[in-house]
Amino acid sequence: MTAVLFDFSGTLFRIESTDSWLRAVLDEAGLTLTEAELTRVARELENVGALPGGVAPRVEMPDELAALWGIRDESAELHRAAYTGLSRLVTLPDPALHDALYDRHMLSAAWQPYPDAAEVLRALRERGIKVGVVSNIGWDLRPVFRAHGLDPYVGAYVLSYEHGIQKPDPRLFKTACTALGVEPRDVLMVGDDRRADGGAAALGCAVHFVDHLPAAQRPDALRSVLDLVD
């Protein structure tokens with residue numbers, strides 16, 4: 001292997017919990033809820049899938065929102081509309097909180113690298129293996145990598161909203177291979193979504209999956225990547 005492509009959310013980074021996400025936004029707005037109310041609202045937001053990078057929606061969406069959901073990562077506008085649309089299925093103390101919640105999830109403070117992410121990325125660079133990030137997303141995640149000290153290891157970022165193409169479309173993976181100057185047959189794609197990230201196989205890339213778990217529950221799953229590229 002001459003290069004490894006990584007997914008972002010659920011692979012290299014994990015979003016904060018729904019509870020932490022809601023608390024941070026309420027604090028910023030100067031609003032308070034009782035613990036019981038906060039727990040209830042956080043549970044409702046999680047149930048509808050309103051936290052980008054969190055759990056998928058567990059409820060049936062209105063038709064117009066369901067249609068939007070399928071193409072949400074093709075632009076920044078669609079991404080915001082989809083997630084704030086899900087959030088608005090839940091009643092919040094102030095309607096402005098729906099956009100505030102969306103804005104919060106784009107902050108570096110909302111994301112935590114998996115415990116072995118820096119170690120693995122550093123080892124790949126030491127071996128001369130190129131690294132790219134291929135993500136279905138609606139905003140620029142580069143500042144998150146910079147804030148957590150991982151940007152120096154990444155040779156190319158290929159983000160769906162910047163190209164109007166979502167994984168599993170092979171064109172997104174091809175764009176990453178071209179940016180890194182490598183052939184797909186010499187590339188390993190690492191991700192947590194078997195459908196989206198598995199699309200790299202159609203291009204001829206090898207594919208490896210990790211589980212989308214809280215960071216504390218997945219301390220070393222990325223280390224297996226180092227064995228796969230030998």
Side-chain angles (χ1 to χ4, degrees), residues 7-62 64-73 75-115 117 135-148 150 159-161 191-193 196 210-219:
D7 173 52
F8 168 57
S9 174
T11 301
L12 288 176
F13 282 82
R14 172 74 183 201
I15 191 67
E16 64 186 332
S17 69
T18 310
D19 181 272
S20 172
W21 177 56
L22 178 59
R23 286 179 188 273
V25 170
L26 289 172
D27 288 347
E28 181 69 20
L31 298 172
T32 58
L33 295 177
T34 66
E35 281 300 309
E37 289 173 326
L38 192 145
T39 298
R40 176 185 57 79
V41 173
R43 187 185 304 115
E44 291 178 359
L45 287 168
E46 185 165 307
N47 196 42
V48 301
L51 173 59
V55 300
R58 299 166 179 157
V59 299
E60 186 174 351
M61 302 179 202
E64 66 276 10
L65 190 52
L68 186 60
W69 181 254
I71 56 172
R72 67 190 181 281
D73 295 312
S75 75
E77 295 76 18
L78 291 170
H79 195 267
R80 177 181 284 272
Y83 280 102
T84 57
L86 289 172
S87 175
R88 288 187 173 93
L89 298 177
V90 177
T91 300
L92 298 179
D94 182 343
L97 292 176
H98 297 291
D99 278 304
L101 284 168
Y102 184 84
D103 292 340
R104 163 71 188 181
H105 102 276
M106 295 187 287
L107 299 180
S108 300
W111 295 89
Q112 178 184 3
Y114 279 93
S135 178
N136 278 353
I137 199 165
W139 51 277
D140 187 4
L141 51 71
R142 295 172 183 85
V144 176
F145 279 76
R146 289 196 290 269
H148 291 279
L150 300 187
L159 312 181
S160 61
Y161 85 102
D192 67 290
D193 187 318
V210 293
D211 293 325
H212 189 156
L213 295 170
Q217 295 177 29
R218 213 197 75 192

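The figures that follow rest on heavy atoms only: side chains count, while hydrogens, waters and symmetry mates do not.
In terms of heavy atoms, Leu22 sits closest to Ala42 at CD2-N, 3.7 Å. What you find for Gly10 and Asp192 is that their closest heavy atoms are O-CB, 3.6 Å. Heavy-atom minimum distance, Leu78 versus Ile71: CD1-O, 3.5 Å. When all heavy atoms of Phe13 and Val144 are compared, the pair lying nearest together is CE2-CG1, 3.7 Å. Closest approach of Leu33 to Pro93, counting heavy atoms only: CD2-CG, 3.8 Å. Residues Trp21 and Leu101 come closest through the heavy atom pair NE1-O, 2.9 Å.
Note: Asp73 CG to Asn136 CG = 4.5 Å, rounded to the nearest 0.5 Å. Distance CG/Asp99 to CZ/Arg80: 5.0 Å, rounded to 0.5 Å. Note that OG1 of Thr18 and CD of Glu44 are 12.0 Å apart. Values are rounded to the nearest 0.5 Å.
Formation of a donor-acceptor pair under 3.5 Å by the His212 side chain with backbone atoms of Gly53 is found in this model. Looking at Arg218, its side chain does come within 3.5 Å of a backbone N or O of Asp211 through a donor-acceptor pair. Between the side chain of Glu37 and the backbone N or O of Thr34 there is at least one donor-acceptor pair closer than 3.5 Å. In this structure, Ser160 contributes its side chain and Ile137 its backbone to a donor-acceptor pair below 3.5 Å.
Legend: residues meeting ring pair (Phe, Tyr, Trp, His ring centres under 6.0 Å) with Tyr102, ordered by chain and number and at least two apart, are His79, His105.
Judged as a salt bridge (charged side-chain N to carboxylate O under 4.0 Å, His left out), the pairs with a partner in residues 51-62 (not counting sequence neighbours) are, in order, Glu46-Arg58.
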Notebook entry, point to check: Which is it for Ser87 and Val48 under the side-chain contact (heavy atoms from CB on, under 4.5 Å) test, yes or no, and what are the steps along the way?
Noted result: CA-CA 7 Å; Ser87 175; Val48 301; over 6 Å; no
Notebook entry, point to check: How far apart are the C-alpha atoms of Leu51 and Leu45, what are their side-chain angles, what is the distance that settles it, and do they pass the side-chain contact (heavy atoms from CB on, under 4.5 Å) test?
Noted result: CA-CA 7 Å; Leu51 173 59; Leu45 287 168; over 6 Å; no
Margin query: Determine whether Leu150 and Leu12 satisfy the following criterion, side-chain contact (heavy atoms from CB on, under 4.5 Å), listing intermediate values before the conclusion.
Written below: CA-CA 10 Å; Leu150 300 187; Leu12 288 176; 5.6 Å; no
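Counting heavy atoms of neighbouring residues, nucleotides and ligands inside a 6.0 Å radius, atom CD of Glu28 does not exceed 12 of them.
A donor-acceptor pair shorter than 3.5 Å cannot be found between the side chains of Thr39 and Arg43.
Between Glu16 and Arg104 a salt bridge is recorded (basic side-chain N to carboxylate O distance below 4.0 Å). The pair Arg23-Asp27 does not count as a salt bridge, with every side-chain nitrogen at least 4.0 angstrom from each carboxylate oxygen.
Between Trp139 and Trp111, the angle of the ring planes lies from 30° to 60°, which puts this pair in the tilted group. Using cut-offs of 30° and 60° on the angle between ring planes, the pair Trp69 and Tyr83 is perpendicular.
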